[in-house]
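Below is one structure, written out as structure tokens; the observations come after it.
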2 protein chains.
Amino acid sequence: MKKTRVTIKDIARELKISASTVSRALQDHPALKKETKEAVKTLAEKWNYQPNSMALNLLRQTSTTIAVIVPDITSHFFSAAVTGIQDIFVSSEYNIMICISNESYEEEALIIENLSKVQIAGVLVAPASTTLDFGHFRKLQKNDIPLIIFDRDCEGFEAHKVLVDDYSGAFEAVEYLIKSGCRKIAHITGASNLSTNNHRLQGYIDALKNNNIPILEEHIIQASGFTHEDGIQPTELLLRSNNIPDAIFAVNDRLAVSAMRTAKKLKFRIPEDIAIIGFDDEPHSSYFTPALSTVWQPVYSMGMLSARILLHEIEKEEESKEFRHEVFKTELVIRGTSKRIQGDF
Amino acid sequence: MKKTRVTIKDIARELKISASTVSRALQDHPALKKETKEAVKTLAEKWNYQPNSMALNLLRQTSTTIAVIVPDITSHFFSAAVTGIQDIFVSSEYNIMICISNESYEEEALIIENLSKVQIAGVLVAPASTTLDFGHFRKLQKNDIPLIIFDRDCEGFEAHKVLVDDYSGAFEAVEYLIKSGCRKIAHITGASNLSTNNHRLQGYIDALKNNNIPILEEHIIQASGFTHEDGIQPTELLLRSNNIPDAIFAVNDRLAVSAMRTAKKLKFRIPEDIAIIGFDDEPHSSYFTPALSTVWQPVYSMGMLSARILLHEIEKEEESKEFRHEVFKTELVIRGTSKRIQGDF
DNA sequence: AATCTCTATGCAAACGTTTGCACGGATATG
DNA sequence: CATATCCGTGCAAACGTTTGCATAGAGATT
């Protein structure tokens, strides 16, 4: 750790000119004469001069670091979103810093606490499932740090938001199940304070209502988490009850996959005995047998748009109190775990 | 963007003392008297003073940013590795910056080029599959920026390395297939300049040799990429040849899953007609039917160890030219896509 | 020869922080 | 009463960069 990078002063000393002249030469300042500029540029090139970004940021009172806070990065959903974000910032002067909240409000608050010690240009956050209080987000806003909420809504909290229309995604999926002949459709839902889960649940309920199918409490089961393992017990509960459903709409693909395997183990035929639709369209979902029907979300685009909005927010001059609110549409992807609709091909 | 954070000078002005005294008070300097310290601390607390990290880094000529360069973040492998890395740095003063090379040497080199414009404390990199020249890594070393190579070896390039014993992982897998009665074992391999692929290929070859099974060129097929789609064609080639194998060892789980589906489509029974073993043990692999047999890698631990080594490298005082070379062992996970060994339960 | 106008460059301050050194005042020692 | 010792604090430099202002020198105009 003794690296002594080439500075403007080194170049100035070598050329026997002042640091200001070097600085101006590198910026092609019109007042300088050609020979000076060239001499400086040549030496800077030769010595591989790199401006010290910290000195600059200190002077300008700015930062080129963007923080991205996600609950988890091993799920395809968030890693794809992060990729979208990255792809926008990679061609900008900004660098992204990834922070993982592990779906924990405490960790999320701690991350923001630590972030405030560092200079940060803006924050993109997909809130943890346990986040009910938004004080930490408000603090950022109070400090004039641009904030974008993505994927998961924080109801009652005003900010720029980039979301997915989970409600209609779920509605369409359930409506499809009904049209394909299912009448006893169960739903495996997730943590009840997540906007995404709630909107999907509401979409499920409204689709049933819309078709005059009674909503049965026993057919709405909450999984204790997002992973495959968390789908086993709810499915067993449903398929061993005395009111066995003929379809399961799961709040995500992992739970759907788990439901699939559990159903198979219990000798149910898919989709004849039990149809299954998931949510997310993870890359491997189409490789199961039968291939999983699911709801695709434009997650990469969502990441990109969030990043673009943040970028604009950071660089804009005028002060506006308007918050953007973008909602992406989903797409129903029908594969083998759901029955065909009569005359649908 | 007009935030004016509280500085040491603000506190000094308010308390009518010098900035140096404030600085010392906050550090509990023994020369200061109690009342001064307390007055400063109280006001700092009240005004929510946060030291400006850029000023500090500038003064100290250091940085608290670590760069992590991975080929891709949507694969479970790298996202888990990044999570391990993150979990080490989260409790340190360092922040990690994620950069994605998209498996491209050019992008990787560009990232390092851009990184050198920013102050960076150290770099963790899993090289892109197309990286054959290591000049960009050497440049980092020349600038005394600690570098750790993980997962993928750069043969002929000296650096700290944290790898997985791909060779014996593959050897064990193929040996298992042989013991379970397979004699015509094919291998779907990947990009030929990736150390991981090569070591797995070599493990495959040596396991066959070790059992006096001839190595057939036609049974070694290179997939054109890492995704599910890339596994279809190689499998079809194998299963439609006039020397159909009785087992496929795929270089990763995605290709294995794809081989599975393709084999099923072609009416092969798994594992009776064709056994399949993958590599990675992705979370969903056990949810296929039959569940995928595979080779598990301690990827999270690998991430953590890489991070620890980097941390040590950054903070160490003495200059040593020794490079660490850590190799993790894999574990064979036998599930349903491979036959049982006689008397093995 | 005195003044004016350019042109090219340097000076110094600023960003926020730390720290070696110096200094003023109080107390203790001779 | 003079000197030594100590305590608490401030000054100024340093990190690397930019930029408004000043200025030196040259040439042009009177």
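Here is how names work: the chains are called A, B, and so on, in the same order as the sequence lines, proteins then strands, and each is numbered from 1.
For B:Gln61, a side-chain nitrogen or oxygen approaches OP1 or OP2 of D:dG16 to under 4.0 Å. For D:dC11, neither phosphate oxygen OP1 nor OP2 lies less than 4.0 angstrom from any side-chain nitrogen or oxygen of B:Ser18. Considering only side-chain N and O atoms, B:Lys9 lies under 4.0 angstrom from the phosphate OP1 or OP2 of C:dC15.
Spacing between atom CD1 of B:Ile17 and atom C1' of D:dC11 amounts to 15 Å, rounded to whole angstrom units. Going from atom CG of A:Asn57 over to atom P of C:dG16 covers 13 Å, rounded to whole Å. Summarising the geometry, the separation between NZ on B:Lys117 and C1' on D:dT17 is reported as 17 Å, rounded to the nearest angstrom. Residue B:Leu32 contributes atom CG, which lies 18 Å from atom P of D:dC6 at whole-angstrom precision. The interatomic distance linking A:Leu26 (CG) with D:dT19 (P) rounds to 13 Å, in whole Å. Atom CG of A:Asn52 and atom C1' of D:dT18 are 13 Å apart (whole Å). Protein atom NZ of A:Lys16 is 16 Å distant from nucleotide atom P of C:dT9, rounded to whole Å. The separation between A:Leu59 atom CG and D:dT19 atom P is 7 Å, rounded to whole Å.
Each of B:Ala55 and B:Gln27 was matched to the nucleotide of DNA chain C holding its nearest heavy atom; the match closer to the 5' end belongs to B:Ala55.
Ring geometry for A:Phe137 against A:Phe157 counts as tilted: the plane angle lies between 30° and 60°, on a 0 to 90° scale.
Residue B:Leu56 is in sugar-phosphate contact alone, with no base atom involved, counting any heavy-atom pair closer than 4.0 Å across all strands shown. Heavy atoms of A:Arg60 sit under 4.0 angstrom from primed sugar atoms or phosphate atoms, though from no base atom. Using a 4.0 Å heavy-atom cutoff across all strands shown, B:Ser20 reaches at least one base atom of the nucleic acid. At the heavy-atom level, B:Ile8 lies under 4.0 Å from the strands shown only through sugar-phosphate atoms. Using a 4.0 Å heavy-atom cutoff across all strands shown, B:Thr7 reaches sugar-phosphate atoms only and no base atom.
Of the possible polar contacts, none joining the A:Ser23 side chain to the A:Ala19 backbone as a donor-acceptor pair under 3.5 Å is found. Judged by distance alone, with hydrogens and angles left aside, the side-chain atoms of B:Glu103 form a donor-acceptor pair with the main-chain N or O of B:Ser129 at under 3.5 Å. Using a distance-only test at 3.5 Å, with no hydrogens or angles considered, no donor-acceptor pair links the side chain of A:Glu107 to the main chain of A:Asn102.
One N or O donor and one acceptor, one from the side chain of B:Arg24 and one from the base of D:dG10, sit under 3.5 Å apart.
The nucleotide whose nearest atom lies closest to any side-chain atom of B:Thr21 is, among C:dT9, D:dT9, D:dA14, D:dT9. Candidate nucleotides C:dT9, D:dT9, C:dC15 were compared by shortest atom distance to the side chain of B:Thr36, and D:dT9 ranks first. Distance from the side chain of B:Ser23 is smallest to C:dT19 among C:dT9, C:dT19, D:dT17.
When A:Ile111, A:Leu140, A:Leu147, A:Val68 are each tested for a side-chain contact (heavy atoms from CB on, under 4.5 Å) with A:Val125, only one passes: A:Leu147.
Using a 4.5 Å cut-off on side-chain heavy atoms (C-beta onward), B:Thr131 and B:Cys154 make no contact.
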